[in-house]
Student: 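Encoded as structure tokens, here's the structure I'll be asking about.
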Amino acid sequence: AQRVTQPEKLLSVFKGAPVELKCNYSYSGSPELFWYVQYSRQRLQLLLRHISRESIKGFTADLNKGETSFHLKKPFAQEEDSAMYYCALSGPGANNLFFGTGTRLTVIP
Amino acid sequence: EAGVAQSPRYKIIEKRQSVAFWCNPISGHATLYWYQQILGQGPKLLIQFQNNGVVDDSQLPKDRFSAERLKGVDSTLKIQPAKLEDSAVYLCASSSYREPGGEQFFGPGTRLTVL
């Protein structure tokens, strides 16, 4: 069965500090992994996906198949990064997403 | 481009009543999804349409939930009768079929409260 685990419901960091949001997954096969973000009063939106291997808003995420992890990282947190972050997976070539429970990140000025 | 539209934004009903939600996806997006997000949890897929055909409805409680997508554009999700545990935000999303595993665009959601 597929599972996405985000162990931290809440995470607070100071502005300028590094931030890491953890995501572990369970899937029999090679899934596609995503990070979605929801800023206050805004819609859920895609932040990045592992197949793109790109950095968005200073965030990166590396897929570690050995540890089945897809942690989201940013070297220097900004106040505007405060949001709800969801890790999600889908089967290869599929469209439907399976979400984790989310981590609320607060960046303290 | 205009985003995914949903209505109503909020709905309060009593248990055993019926309710319907409407979604208009991004123009040209063949794939449409309905998610249920209970407080404190991530979105859970209820049903996925490709054009006007159902691709996945394995998580849809079919004894009370129904959904349709006439003409492959707008979609409605209905709950009849509602239960207390149906209180949640119902999210609609759409994506382009040309990009499997690609970005899903979400609507603002409908917050349902069942009393």
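Here is the naming used below: chain letters follow the sequence lines, and residue numbers restart at 1 for every chain.
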Student: More than 12 heavy atoms of other residues, nucleotides or ligands under 6.0 Å from CZ of B:Arg64: yes or no?
Tutor: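 Counting other residues, nucleotides and ligands, CZ of B:Arg64 exceeds 12 neighbours.
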
Student: Crowded around A:Glu67 CD? As in, over 12 foreign heavy atoms under 6.0 Å?
Tutor: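 12 or below, so no.
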
Student: Which atom pair, heavy atoms only, marks the closest approach of B:Gly40 to A:Lys9?
Tutor: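 That would be O-NZ, 3.3 Å.
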
Student: Rounded to the nearest 0.5 Å, how far apart are CG of A:Leu46 and OG of B:Ser95?
Tutor: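 A:Leu46 atom CG to B:Ser95 atom OG measures 11.5 Å (nearest 0.5 Å).
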
Student: Is it the case that atom CD in A:Glu20 sees more than 12 heavy atoms from other parts of the structure closer than 6.0 Å?
Tutor: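 Buried by this count: over 12 neighbours within 6.0 Å.
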
Student: If you apply the rule side-chain contact (heavy atoms from CB on, under 4.5 Å), what do you find for B:Gln37 with A:Leu44, and how did you get there?
Tutor: CA-CA 12 Å; B:Gln37 185 172 20; A:Leu44 192 60; 5.7 Å; no

Student: Can you confirm whether B:Leu39 is buried at CG, in the sense that more than 12 heavy atoms of other residues, nucleotides or ligands lie under 6.0 Å from that atom?
Tutor: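 Open: at most 12 neighbouring heavy atoms sit under 6.0 Å from CG of B:Leu39.
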
Student: Could you tell me which portion of B:Val55 (side chain, backbone, both or neither) has an atom closer than 4.5 angstrom to a non-hydrogen atom of chain A?
Tutor: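 Contact with chain A: none, neither part.
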
Student: Counting only heavy atoms not in B:Tyr10, do more than 12 fall under 6.0 Å of its OH?
Tutor: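 Counting neighbours around OH of B:Tyr10, 12 or fewer heavy atoms of other residues, nucleotides or ligands fall under 6.0 Å, so no.
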
Student: Any chain of hydrophobic side-chain contacts (each under 4.5 Å) joining A:Leu89 to A:Trp35?
Tutor: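 Yes, A:Leu89 and A:Trp35 fall within the same hydrophobic cluster.
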
Student: Indicate if A:Tyr86 and A:Leu11 have the same hydrophobic cluster label, given that clusters are the connected sets of ILVMFWY residues with side-chain heavy-atom separations under 4.5 angstrom.
Tutor: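 Hydrophobic grouping puts A:Tyr86 apart from A:Leu11.
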
Student: So, taking the atom named CD in B:Glu103 and the one named CG in A:Leu47, what distance separates them when rounded to the nearest 0.5 Å?
Tutor: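 Interatomic distance, B:Glu103 CD to A:Leu47 CG, rounded to 0.5 Å: 10.5 Å.
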
Student: Can you tell me which residue pairs pass the salt bridge (Lys or Arg N to Asp or Glu O under 4.0 Å) test with a partner in residues 52-62 of chain B, sequence neighbours excluded?
Tutor: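 Residue pairs with at least one partner in residues 52-62 of chain B: B:Asp57-B:Lys62.
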
Student: Which bit of A:Phe98 comes within less than 4.5 Å of chain B, counting heavy atoms only: side chain, backbone, both or neither?
Tutor: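 Neither the backbone nor the side chain of A:Phe98 comes within 4.5 Å of chain B.
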
Student: For chain B, which residues of residues 99-106 of chain A have at least one non-hydrogen atom nearer than 4.5 Å to it?
Tutor: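 Result: A:Phe99, A:Gly100, A:Thr101.
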
Student: More than 12 non-hydrogen atoms from neighbouring residues, nucleotides or ligands closer than 6.0 Å to CZ on A:Arg43, yes or no?
Tutor: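 Enclosed.
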
Student: Side chain from CB out, backbone as N, CA, C, O: work out which of these in B:Gln104 comes under 4.5 Å of a heavy atom of chain A, or both, or neither.
Tutor: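 Answer is both: backbone and side chain atoms of B:Gln104 are under 4.5 Å from chain A.
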
